[in-house]
Amino acid sequence: NAGVTQTPKFQVLKTGQSMTLQCAQDMNHNSMYWYRQDPGMGLRLIYYSASEGTTDKGEVPNGYNVSRLNKREFSLRLESAAPSQTSVYFCAGTPGGTNYGYTFGSGTRLTVV
Amino acid sequence: DQQVKQNSPSLSVQEGRISILNCDYTNSMFDYFLWYKKYPAEGPTFLISISSIKDKNEDGRFTVFLNKSAKHLSLHIVPSQPGDSAVYFCAASARGAGNMLTFGGGTRLMVKP
C-alpha cells in the first residue's frame, strides 16, 4: 500500500510562477487535508475536503486553491507563487467521522525565489 | 495567536532516561488531543491520543497526561531510545470541528546514546 503519495518531492519556483501540488491516497479516506509546515509554526491547515465534492478554507488559505478531483485525489494550486509560500507542504487523509488518525504524505519542499 | 503551543523547541535526553514533552492549549472547545512524531524527510505519523474525558493514556513506552484545568498535556517516553529522536507535534481537535486538527510548533527530541 502506497498510503498517501505527494508529487513532486521538491520544487523551485520563481516569484509569479504557478504550479500544482498533487496528492493521491489509496486508503479510501473520505477526508483530505493540505497543511504547510514552517519553522516554529507547526503545521497550519491551508484547505481541507471533508468528503468528495466539498472543499473548505483552513487557517491560511490566501494564495492557494484546491480541487478534490475524486475520492483519491486532492490537489493544491499556487496561482502566483510568492516567497512567503516557501514551505514544506503535507497532504493528509483520514477516514472521516470521529477518526483523527491522519495519514500524511512525505511532503513537498517548495522554494520560491 | 497559536491555540496550541509547545514552548520548548528542543529537548536533549540521555538514552534510558525519561523524556517529557509539554504542550499547552488555550481553546476550551478542544476535546481530543494527539501526539505525532516526525522524522526528517517524512510525514508526521500518529503516536498516541487522549480524549478530554480521560487524564491519562498509556501505550507501551509512551504515556500522555492531560490536565484540563491547566489546559496542559504532556508526553512521557520511558525509557528513551536513540530511535525516538525526532520532532514531536502536539495536536488538538475541537467539538464540532469535524476532523480538523490544530498543531503546535513542535519539539525536537534528541536522545543521546
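Numbered from 1 within each chain, the chains take letters A, B, ... in sequence-line order.
Two rings, from B:Phe65 and B:His76, have their centers less than 6.0 Å apart. Residues A:Phe104 and B:Phe46 place their aromatic rings such that the two centres sit no closer than 6.0 Å. With ring centers used as reference points, A:Tyr47 lies 6.0 Å or more from A:Tyr33.
Residues passing the salt bridge (charged side-chain N to carboxylate O under 4.0 Å, His left out) test with A:Asp56, sequence neighbours excluded: none.
Within the 4.5 Å cutoff, no side-chain heavy atoms of A:Val66 are placed close to those of A:Arg77.
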Practice problem: Before giving the answer on side-chain contact (heavy atoms from CB on, under 4.5 Å), spell out for B:Lys56 and B:Glu58 the whole-Å C-alpha distance, their side-chain angles and the decisive distance to 0.1 Å. | Solution: CA-CA 7 Å; B:Lys56 176 183 174 181; B:Glu58 200 170 346; 3.7 Å; yes

Practice problem: Take A:Tyr102 and A:Tyr35, measure what side-chain contact (heavy atoms from CB on, under 4.5 Å) needs, and give me the verdict at the end. | Solution: CA-CA 12 Å; A:Tyr102 281 22; A:Tyr35 282 86; 3.4 Å; yes

Exercise. Start with the C-alpha gap between A:Tyr64 and A:Arg36, add the side-chain angles, then the distance that decides, and say whether side chain to side chain donor-acceptor pair (under 3.5 Å) holds.
Key: CA-CA 11 Å; A:Tyr64 305 95; A:Arg36 59 178 287 175; 2.9 Å; yes

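For B:Pro9, no part lies under 4.5 angstrom from a heavy atom of chain A. Only the side chain of B:Gln2 comes within contact range of chain A, judged by heavy atoms closer than 4.5 Å. If you measure heavy-atom distances from A:Glu59 to chain B, you find no contacts under 4.5 Å at all. Residue A:Leu45 touches chain B through its side chain alone, counting heavy-atom pairs closer than 4.5 Å. Residue contact with chain A, scored on non-hydrogen atoms closer than 4.5 Å, involves the side chain of B:Lys38 exclusively.
Of the charged side-chain nitrogens involved, none lies within less than 4.0 Å of a carboxylate oxygen, so that B:Lys71 and B:Asp24 do not count as a salt-bridged pair.
There is no side-chain donor-acceptor pair under 3.5 Å between B:Tyr32 and B:Ser52.
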Residues 7-16 of chain A side chain polar contacts: donor-acceptor under 3.5 Å, at least two apart:
| unit_1 | atom_1 | unit_2 | atom_2 | d |
| --- | --- | --- | --- | --- |
| A:Lys9 | NZ | A:Ser106 | OG | 3.3 |
| A:Thr15 | OG1 | A:Val113 | O | 2.8 |

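Of residues 80-91 of chain B, those residues lying under 4.5 Å from chain A by any heavy-atom pair are B:Phe89. Of residues 103-113 of chain B, those residues lying under 4.5 Å from chain A by any heavy-atom pair are B:Phe103, B:Gly104, B:Gly105.
Side-chain atoms of B:Asn57 never come within 3.5 Å of backbone atoms of B:Val64 as a donor-acceptor pair (strictly under, hydrogens ignored).
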